[in-house]
**Student:** 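So that we are looking at the same thing, I have put the structure below in structure tokens.
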Number of protein chains: 2
Amino acid sequence: MARASTTSDAFNAVAEPRRREILSYLGETERPVGEIVAALRMGQPSVSKHLRVLRDVGLVRMRCQGRQKLYRTNAEAIRPLHEWAGTFERYWQHQLNRVKERAEAIVRHGSDVNPQELKEKK
Amino acid sequence: MARASTTSDAFNAVAEPRRREILSYLGETERPVGEIVAALRMGQPSVSKHLRVLRDVGLVRMRCQGRQKLYRTNAEAIRPLHEWAGTFERYWQHQLNRVKERAEAIVRHGSDVNPQELKEKK
DNA sequence: ACAATACATACCTATATGGGAATATGTCAA
DNA sequence: TTGACATATTCCCATATAGGTATGTATTGT
């Protein structure tokens with residue numbers, strides 16, 4: 001089996017750096033394709049194709065205005081990504097807490113704290 | 001140019017669903033490969049290969065113990081992902097705020113609020 | 001030394017990619 | 001209608017996958 005299609009979900013779509021750039025560039029501000037091309041210095045067909053992928057997974061919304069098409073990021077579609085990553089938040093918070101506790105201990109008792117006491121607390 | 005390597009960064013590594021499963025399954029708990037294979041019902045070589053990718057981008061850490069190798073998720077490496085997605089948080093908060101404001105307005109003035117007033121505020 | 005165990009890697013194949021160039025489609029203006 | 005403009009799509013190609021099967025490599029126990 002080959003790699004999953006880029007259009008299979010937001011995770012795959014967002015794996016491509018240029019697509020992330022596009023999403024960031026368009027905040028939720030509507031912009032025509034040409035503006036993206038100019039701002040991000042990419043080829044026009046390339047941008048069109050990236051936008052196609054993003055649209056397929058709902059990461060951008062599109063609206064026609066005369067001969068141009070206006071795109072904007074649909075932030076809501078990025079949320080699952082944020083939430084998935086967020087499930088690991090508690091782990092790096094442990095890290096932070098350790099650093100914080102250590103700093104506080106130093107403030108209270110001076111810098112001669114036993115490092116072991118803060119390191120392993122299985 | 002082809003698609004970027006899965007080992008090029010966390011975004012690409014995490015695009016594959018099975019790799020996300022592995023990361024979630026290992027929280028930061030150390031586990032041998034065989035346990036992953038059994039728990040997630042994947043082929044052993046497949047798991048080994050996924051772990052290789054994850055290791056290459058720092059998403060998991062590995063330690064040898066006799067003939068087995070213990071893996072655990074390195075949550076810190078997921079953080080950039082969480083942060084990138086988080087830059088869009090303000091957009092979906094706007095959504096929430098609108099809903100919330102509307103609800104509060106109804107509580108204050110009854111349900112005859114002018115919907116326009118809450119909808120467009122360019 | 002040998003067999004068994006726990007992983008890793010090599011090999012194969014179908015499939016999809018992203019970029020560039022060329023071309024198609026659609027819309028406006030004179 | 002014709003041409004100019006804004007996008008989308010097609011074609012071409014080098015590259016990389018993910019899964020399965022088979023095999024390689026350490027490490028342990030007897």
Side-chain angles (χ1 to χ4, degrees), chain A residues 1-23 25-26 29-73, chain B residues 1-23 25-26 29-73:
Chain A
M1 195 190 279
R3 220 201 287 206
S5 161
T6 54
T7 57
S8 52
D9 57 36
F11 285 93
N12 277 282
V14 153
E16 168 65 41
R18 325 307 300 268
R19 283 196 283 267
R20 261 174 281 149
E21 286 180 43
I22 292 176
L23 290 174
Y25 175 63
L26 306 172
T29 311
E30 279 189 331
R31 290 188 199 284
V33 178
E35 215 165 302
I36 306 176
V37 169
L40 305 186
R41 310 289 197 70
M42 312 192 207
Q44 175 264 310
S46 189
V47 169
S48 276
K49 279 181 283 187
H50 284 312
L51 287 170
R52 185 76 174 116
V53 171
L54 293 173
R55 209 152 82 81
D56 282 350
V57 296
L59 279 164
V60 299
R61 288 283 149 74
M62 191 260 269
R63 183 170 70 89
C64 294
Q65 188 191 54
R67 47 184 135 177
Q68 49 191 6
K69 321 219 171 173
L70 305 177
Y71 286 84
R72 66 180 177 76
T73 295
Chain B
M1 197 191 280
R3 222 204 284 208
S5 161
T6 54
T7 57
S8 53
D9 58 37
F11 285 93
N12 277 282
V14 152
E16 167 65 40
R18 326 304 302 267
R19 282 196 285 267
R20 262 175 282 148
E21 286 180 44
I22 292 176
L23 290 174
Y25 174 63
L26 306 172
T29 310
E30 280 189 331
R31 290 190 200 283
V33 179
E35 215 165 301
I36 307 175
V37 169
L40 305 186
R41 310 287 196 73
M42 313 193 207
Q44 175 265 309
S46 188
V47 168
S48 276
K49 278 181 282 187
H50 284 311
L51 287 171
R52 185 76 173 115
V53 171
L54 292 173
R55 210 153 82 81
D56 282 350
V57 297
L59 279 164
V60 299
R61 288 284 149 73
M62 190 261 268
R63 184 170 72 88
C64 294
Q65 188 191 55
R67 48 184 133 180
Q68 49 191 9
K69 320 222 171 171
L70 305 177
Y71 286 86
R72 66 181 178 76
T73 295

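Chain A is the first sequence line, chain B the second, and so forth, proteins listed ahead of strands; every chain is numbered from 1.
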**Student:** Roughly how far, to the nearest 0.5 Å, is the CD atom of A:E30 from the CD atom of A:E35?
**Tutor:**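 Between A:E35 CD and A:E30 CD, I get 11.0 Å after rounding to 0.5 Å.
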
**Student:** Measuring to OP1 and OP2 of C:dT17, would you say a side-chain N or O of A:S5 lies under 4.0 angstrom away?
**Tutor:** yes

**Student:** Please state whether the phosphate of C:dT9, meaning OP1 or OP2, lies under 4.0 angstrom from any side-chain nitrogen or oxygen of B:R52.
**Tutor:**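 Yes.
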
**Student:** Look at the side-chain N and O atoms of B:T6 and state whether any lies under 4.0 Å from the OP1 or OP2 oxygen of D:dT17.
**Tutor:**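 So the side-chain polar atoms of B:T6 do come within 4.0 Å of the phosphate oxygens OP1 or OP2 of D:dT17, strictly under.
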
**Student:** For a quick check of understanding: with a heavy-atom distance under 4.0 Å over all strands, which category does A:R19 fall into, base, sugar-phosphate or nothing?
**Tutor:** sugar-phosphate

**Student:** With respect to the phosphate group of C:dT25, does any side-chain polar atom (N or O) of A:R67 fall under 4.0 Å of OP1 or OP2?
**Tutor:** no

**Student:** Using a 4.0 Å heavy-atom cut-off, does A:Q44 contact any base of the nucleic acid, only the sugar-phosphate backbone, or nothing at all?
**Tutor:**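 Contact class for A:Q44: base.
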
**Student:** Measure from the side-chain heavy atoms of B:A2 and tell me the nearest of D:dT15, C:dG18, D:dA18.
**Tutor:**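 Of all the options, the side chain of B:A2 is nearest to D:dT15.
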
**Student:** Looking at B:Y71, does any N or O in its side chain come under 4.0 Å of the phosphate oxygens OP1/OP2 on C:dA8?
**Tutor:**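 Yes, because at least one side-chain N or O of B:Y71 sits under 4.0 Å from OP1 or OP2 of C:dA8.
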
**Student:** Do any side-chain nitrogens or oxygens of A:S46 fall under 4.0 Å of OP1 or OP2 in C:dG19?
**Tutor:**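 Affirmative; the distance criterion is met.
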
**Student:** OP1 or OP2 of C:dC7 sitting under 4.0 Å from any side-chain N/O of B:Q68?
**Tutor:** yes

**Student:** Start at the 5' end of DNA chain C and walk down; is the nucleotide closest to B:K49 or to A:R18 reached first?
**Tutor:**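 In this pair, the answer is B:K49.
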
**Student:** Among A:V60, A:V53, A:V57, which residue meets the side-chain contact (heavy atoms from CB on, under 4.5 Å) test with A:R19?
**Tutor:** A:V53

**Student:** How is A:P45 classified with respect to the nucleic acid when contacts are heavy atoms under 4.0 Å: base, sugar-phosphate, or nothing?
**Tutor:** base

**Student:** Select from A:G66 and B:M62 the residue whose nearest nucleotide in DNA chain C is closer to the 5' end of that strand.
**Tutor:** B:M62

